[in-house]
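Read the structure below first, then the notes.
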There are 2 protein chains.
Amino acid sequence: MAKALSNEQIAVAEEAFIRYLRSQQIKYTKPRRAILRAALGLPVHFDAEQLLALLHQAGERVAKATIYRTLPLLVDSGILKQVRLSDNQAHYEHILEDAPHDHMVCRRCGRIIEFESRRVEQLRDQIARENDFRAVSHRFGISGYCATCAKSQPADEMQQGGNRRV
Amino acid sequence: MAKALSNEQIAVAEEAFIRYLRSQQIKYTKPRRAILRAALGLPVHFDAEQLLALLHQAGERVAKATIYRTLPLLVDSGILKQVRLSDNQAHYEHILEDAPHDHMVCRRCGRIIEFESRRVEQLRDQIARENDFRAVSHRFGISGYCATCAKSQPADEMQQGGNRRV
DNA sequence: CTCAGTGCAAACGGTTTGCATTCCA
DNA sequence: TGGAATGCAAACCGTTTGCACTGAG
């Protein structure tokens, strides 16, 4: 899930991006292409800062503002998805051909485990139906401890902050 | 679910707060009492700004910083729960005797519908087990349209931003 | 050519922090 | 009365915006 993208995948994404931009009569500029490439070159989950860093490191002179202006385009074009892994900052993830999924985040090491959300969607739609609500999307995050971290610390420590962070 | 609290409920909460503070050797001060009272006097869901407004309106001179320093105490003492109803701002909700629940938020009118989370917890624990993960808590938010808003607008409008906001 | 897009820097807004003063335990 | 808690204002930090310049179509 964190492997590098093939050239084909990149080409497909770029094509999709261009198609979307055309449909909206938005220009495909050099910075936008650089941002797209950089986003695809990052791990599946990343934030704006990492994107900026990668661009600078690649010698691209792209302003922070341009990144923030471009990320929504990548989301709307279906290439990225905005996810909220932390409370204070937006993270993004590649969509690609991946099945819809949600996340578990380890409170200790920050490890992210994805799981497919078929059952979550099912439950979501059922609950929405019961409440006369039309569900469009959901956000489901599980917080806890991964196997490694659960093993290496006392059980009582694992409850602390249980009220604090949800 | 949004009704005023009885004096008994307030007393119980205050007692719990004091007990918690004592256990942590933290002082029970006048500002902290005022913040507790104000928090309980607000609707079930509120944010720091509303809390500050209510305090000022009540003639209490409490600094914003004190509010931000006190809210975590109220969360840790089990009186409030931090919930993330919007992306940019923390909201809090009363815990009281309420059963654990999650939220549906209408994209159009902002209406919040709560639903008990027994089934969500069940699914969460099952998924965690399958992934060798020890779940401590979860966050589940459904985004969509309430019955009223779903009725009063064209269906195509309801998809827009479907990628954008999760 | 023309106007959307960009870079830059300043603004924004929720939250946090440094520090002198206040006040519980 | 000593150290925690407070008020105030400034700092923070992710994100947004205003504006003059640049470049895609």
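Computed from heavy atoms alone, side chains included, the values below leave out hydrogens, waters and symmetry copies. Letters go in sequence order (proteins before strands), and every chain restarts at 1.
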| query | How does protein contact run along nucleotides 19-25 of chain C, one letter per nucleotide 5' to 3', with B for base contact, S for sugar-phosphate only, - for none, heavy atoms under 4.0 Å? | reply | -----BS
| note | Atom CG of B:L52 and atom P of C:dG14 are separated, to the nearest Å, by 11 Å
| query | Per the end-axis method with five pairs at each terminus, what is the bend angle of the helix from C:dC1-D:dG25 to C:dA25-D:dT1, to 10°? | reply | 30°
| Rounded to the Å, how far apart are B:Q24 CD and D:dA5 P? | 11 Å
| said: Please check if the number of heavy atoms outside A:R118 that lie under 6.0 Å from its CZ is greater than 12. | reply: no
| Any link between A:F115 and A:V83 through a network of hydrophobic side chains (Ile, Leu, Val, Met, Phe, Trp, Tyr) touching at under 4.5 Å? | no
| query | How many Å lie between CG on A:N88 and P on D:dC12, as a whole number? | reply | 16 Å
| note | Of the candidates D:dT17, D:dC8, D:dA5, the side chain of B:R61 sits closest to D:dC8
| Greater than 12 external heavy atoms within 6.0 Å of B:E49's CD | no
| message | Does either side chain, that of B:R107 or that of B:S143, offer a donor lying less than 3.5 Å from an acceptor on the other one? | response | yes
| request: Calculate the interatomic distance between A:K64 atom NZ and C:dG5 atom P; express it in whole Å. | output: 22 Å
| said: Please confirm whether the shortest side-chain N or O distance from A:Y68 to OP1 or OP2 of D:dT16 is below 4.0 Å. | reply: no
| request: Answer yes or no: does atom CD of A:E130 have more than 12 heavy-atom neighbours from other residues, nucleotides or ligands under 6.0 Å? | output: yes
| task | Specify the separation, in whole Å, of atom CD of B:Q82 and atom P of C:dG14. | result | 15 Å
| query | Between C:dC12 atom P and B:Q89 atom CD, what is the distance in whole Å? | reply | 18 Å
| query | For the rings on B:H45 and B:H94, is their centre-to-centre separation under 6.0 Å? | reply | no
